Number of protein chains: 2
Amino acid sequence: MTEGPTINTIARRAGVSIASVSRVLNGLPTREETVRRVLSAAEELGYVPNSVARSLKNRRTNQVAFAMADIGNPVYLAMVREIQPVLRAAGYRLLLHSTDADVADELDVLRGLGERYVDGLIMSPLRVTDEHLRALAAARAPVVVIGSVPEETGVDNVRADSRTGVRLALDHLYGLGRRRIAFVNGPPDTVPGAARAAAYREALDALGLPYDENLVEVGDFYRAEGATAVRALLDRAADVDALMCANDLIALGALDVLRRAGRRVPEDVAVVGMDDTYLAGVAWPALTSVSLGSERRGRAAAELLLDRLENGQRQARVVTVEPRLAVRASTAGVRDGTDDVPGAGEGTEGEESP
Amino acid sequence: MTEGPTINTIARRAGVSIASVSRVLNGLPTREETVRRVLSAAEELGYVPNSVARSLKNRRTNQVAFAMADIGNPVYLAMVREIQPVLRAAGYRLLLHSTDADVADELDVLRGLGERYVDGLIMSPLRVTDEHLRALAAARAPVVVIGSVPEETGVDNVRADSRTGVRLALDHLYGLGRRRIAFVNGPPDTVPGAARAAAYREALDALGLPYDENLVEVGDFYRAEGATAVRALLDRAADVDALMCANDLIALGALDVLRRAGRRVPEDVAVVGMDDTYLAGVAWPALTSVSLGSERRGRAAAELLLDRLENGQRQARVVTVEPRLAVRASTAGVRDGTDDVPGAGEGTEGEESP
DNA sequence: TTGTAGGCGTTATCAA
DNA sequence: TTGATAACGCCTACAA
């Protein structure tokens with residue numbers, strides 16, 4: 001019992017060959033009597049098939065990995081929450097890699113695919129280097145990338161549309177009469193950082209607002225860094241009446257600083273976050289935020305990967321998820337703070353329409 | 001190349017036997033010349049060892065699973081964040097199971113251990129039934145339970161101390177002059193629910209305060225349910241001056257309701273949460289919360305499991321983590337709301353002292 | 001319907 | 001130092 005029964009143990013006990021055992025266990029046509037004996041032997045022994053042996057034979061592990069920078073980031077968390085049930089329903093286990101956005105780590109994961117410990121990989125790199133592209137091209141298992149990579153890379157790709165997203169936010173702010181709309185970004189050498197910076201300029205253009213570099217500050221995608229950036233911004237441009245933040249964490253930092261500075265939100269300064277994580281509904285005032293569809297992107301990635309795993313080779317696909325604006329108190333003027341609170345209260349985002 | 005090189009491919013290419021290849025690859029003493037030939041063949045072929053075959057032979061997968069109710073719950077998230085790096089440093093991959101606190105699912109995970117797809121399991125069940133205990137006793141791989149199980153169960157066990165935790169909170173509130181301290185709990189048939197309910201009574205006793213059942217309300221460990229419970233509580237006992245909430249999510253719901261009801265926090269009603277998740281620093285006013293050491297418990301569990309995996313059989317151990325009270329604006333009267341904000345701003349809790 | 005035997009990719013033993 | 005060879009546990013022709 002210490003060493004666990006195998007089909008051999010069962011075969012001996014039932015007085016049949018291992019082939020018969022395997023057949024019965026896999027539901028292949030077998031004489032009734034044999035079936036009974038095998039099943040009861042298996043039952044008595046508490047037999048459980050060894051998945052490693054099975055994998056070696058099958059050449060599939062029924063495992064999928066998800067690699068992201070940091071599970072502590074609510075955006076990735078939202079993705080995991082969607083990916084997990086989809087995979088699970090299809091009989092796959094989920095393996096987690098937290099890479100701290102370290103390029104070497106990410107490449108290791110990609111190369112590790114050669115070890116065949118998973119059947120496929122979903123990955124969401126913060127930066128995409130040439131090495132990434134090479135490693136992706138050489139990957140030994142199907143990969144789905146969340147975040148934009150060039151079409152030629154030949155991997156399935158799920159994209160956000162920060163361009164439209166920022167546009168939605170700025171239109172909204174403009175509609176509220178705001179004209180001095182600042183932008184607080186994360187590192188511009190990241191994929192989202194670059195995209196959002198460009199999107200901001202474009203949105204200003206579309207609204208006929210001038211680009212004022214005093215209204216732009218770069219920090220990092222975290223609360224403390226967001227706070228620092230906003231502090232600098234307020235010093236430089238005291239007349240800002242709205243802050244477009246490149247993610248929700250930055251926006252939280254902005255709220256901290258504005259509160260200390262005695263600026264009312266949204267009366268004096270409206271604040272918009274991005275990613276629409278569940279932190280938006282915890283902050284006070286609750287944060288208006290651009291949803292880039294983390295949940296939908298996670299689910300789409302899982303579905304793309306599953307499809308590829310079941311149906312093999314086919315053309316690489318690109319899915320782009322529509323952004324949406326979740327308007328809450330930080331821009332709406334309703335100082336209630338509890339609008340749009342997820343029903344479960346646990347960070348669960350509701351289902352979204354297509 | 002499609003099918004990936006194996007030691008056989010290398011052996012042919014290098015003109016040696018597979019045994020020599022294996023030896024070289026595992027660093028066993030081999031003639032210099034052979035080493036060179038094998039290594040260069042491996043290099044040219046881009047050889048990566050197949051971990052499944054290796055696992056079959058070794059009887060170890062270098063994988064560990066963590067099973068919890070819901071990765072979306074910040075408490076489990078905090079644990080994952082600590083568990084992952086510990087395992088990773090020891091060369092283990094992390095597999096995630098989200099069971100929705102479903103007993104059948106949890107039992108499945110325990111039985112699934114027989115498939116040998118992981119070397120060990122860390123699990124944090126919300127309820128512990130007799131079936132759990134049986135399944136734990138019969139588990140085919142080492143298990144560490146986060147959450148209390150009876151000593152006799154014979155598994156390594158990492159416990160929180162809600163008793164002391166609640167005591168800390170009530171002492172604090174009492175010290176602030178609060179005498180009508182209500183308690184908002186989650187389901188009392190869960191391990192934490194039961195423990196916290198008992199702890200509340202005990203703490204009142206110790207303070208010489210009467211137990212008033214009008215001051216106790218039961219809901220669930222979520223924000224919306226917490227809100228509902230607090231609403232009922234205010235109706236019944238308008239004179240409460242403090243709320244002890246059984247977790248942070250409930251406390252968030254409490255803040256929502258108090259705000260709507262026009263009660264100032266902490267002036268009119270002080271609020272204490274539990275678990276000290278990073279939501280406590282996002283809420284406004286920032287939430288005083290009892291830390292039950294999710295991070296330390298996660299890390300301890302990972303370390304216990306690793307030790308068992310490396311060193312095999314030994315007596316089952318019980319580790320209890322000391323609670324601590326993180327005082328913030330929801331009780332302290334400093335309406336700044338940004339005290340004790342994690343430096344990284346990303347939910348990272350600082351290192352704690354022993 | 002059933003059993004024998006070979007193979008999945010590694011590791012490890014035992015002679016040579 | 002090296003090479004055959006036998007496992008690890010399962011699946012599956014192929015033969016009986």
Side-chain angles (χ1 to χ4, degrees), chain A residues 1-39 41-42 45-63 112-119 140-141, chain B residues 1-39 41-42 45-63 112-119 140-141:
Chain A
M1 183 64 96
T2 325
E3 276 311 314
T6 74
I7 53 171
N8 259 291
T9 331
I10 298 180
R12 278 199 302 277
R13 176 117 172 192
V16 299
S17 73
I18 62 168
S20 288
V21 175
S22 178
R23 260 180 237 117
V24 171
L25 263 23
N26 291 308
L28 297 179
T30 316
R31 185 157 52 110
E32 182 110 6
E33 163 68 6
T34 312
V35 172
R36 253 200 308 278
R37 288 165 63 187
V38 168
L39 289 184
L45 292 166
Y47 172 78
V48 180
N50 182 311
S51 65
V52 176
R54 189 173 266 173
S55 292
L56 181 58
K57 178 71 189 167
N58 291 341
R59 296 151 160 280
R60 33 200 348 274
T61 57
N62 289 306
Q63 296 186 156
L113 256 22
E115 294 178 32
R116 317 237 134 232
Y117 65 96
V118 286
D119 299 333
R140 291 278 225 277
Chain B
M1 183 65 98
T2 324
E3 276 310 315
T6 74
I7 54 170
N8 261 290
T9 330
I10 298 180
R12 278 198 301 277
R13 176 118 172 189
V16 300
S17 72
I18 62 168
S20 288
V21 175
S22 178
R23 259 180 237 119
V24 171
L25 261 24
N26 291 308
L28 297 178
T30 315
R31 186 159 50 111
E32 181 112 4
E33 163 68 7
T34 311
V35 172
R36 251 200 310 277
R37 287 165 63 186
V38 168
L39 288 184
L45 292 167
Y47 171 79
V48 181
N50 181 311
S51 65
V52 176
R54 186 173 269 174
S55 292
L56 180 58
K57 183 67 189 170
N58 290 342
R59 297 153 158 280
R60 29 199 349 274
T61 57
N62 290 304
Q63 296 186 156
L113 255 23
E115 294 177 31
R116 315 235 140 242
Y117 65 97
V118 285
D119 299 333
R140 290 278 224 276

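All chains are named by letter (A, B, ...) in the order of the sequence lines, taking the proteins before the strands, and each is independently numbered beginning at 1. All values reported here derive from a predicted model rather than from experimental measurement.
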A:R59: partners by salt bridge (Lys or Arg N to Asp or Glu O under 4.0 Å), with sequence neighbours left out:
B:E3
Only counting residues at least two apart or in another chain, list the ones meeting salt bridge (Lys or Arg N to Asp or Glu O under 4.0 Å) with A:R37.
A:E33
Using five base pairs at each end to define the local axes, how bent is the helix from C:dT1-D:dA16 to C:dA16-D:dT1, to the nearest 10°?
50°
Tell me the salt bridge (Lys or Arg N to Asp or Glu O under 4.0 Å) pairs involving residues 18-30 of chain A, sequence neighbours left out?
none
A:T34: what forms a side chain to side chain donor-acceptor pair (under 3.5 Å) with it, not counting sequence neighbours?
none
Heavy atoms of chain A, cut-off under 4.0 Å: which first and last nucleotide of DNA chain C, 5' to 3', fall inside that, if you could look?
C:dT1 to C:dG9
Applying side chain to side chain donor-acceptor pair (under 3.5 Å), can you list everything that pairs with B:Y47, at least two apart in sequence or on another chain?
none
Taking distance alone, no hydrogens or angles, what donor-acceptor pairs closer than 3.5 Å link side-chain atoms of residues 10-18 of chain B to residues at least two apart or in another chain?
from: B:R13; atom 1: NE; to: B:E44; atom 2: OE1; distance (Å): 3.0
from: B:R13; atom 1: NH2; to: B:E44; atom 2: OE1; distance (Å): 2.3
from: B:S17; atom 1: OG; to: B:A19; atom 2: N; distance (Å): 3.4
from: B:S17; atom 1: OG; to: B:S20; atom 2: N; distance (Å): 3.3

Could you state the interatomic distance from CD (B:Q63) to OG (B:S51), rounded to the nearest 0.5 Å?
7.0 Å
Tell me, please, which residues at least two apart from B:T61 pass side chain to side chain donor-acceptor pair (under 3.5 Å).
B:D119
Partner set under side chain to side chain donor-acceptor pair (under 3.5 Å) for B:E115, not counting sequence neighbours
A:R93
Could you run through nucleotides 3-13 of chain D and give me one letter per nucleotide, 5' to 3': B if any protein heavy atom sits under 4.0 Å from the base, S if only the sugar-phosphate is that close, - if neither?
BBB-BBBBBB-
Backbone N/O of A:V48 and side chain of B:R116: donor-acceptor pair under 3.5 Å:
no
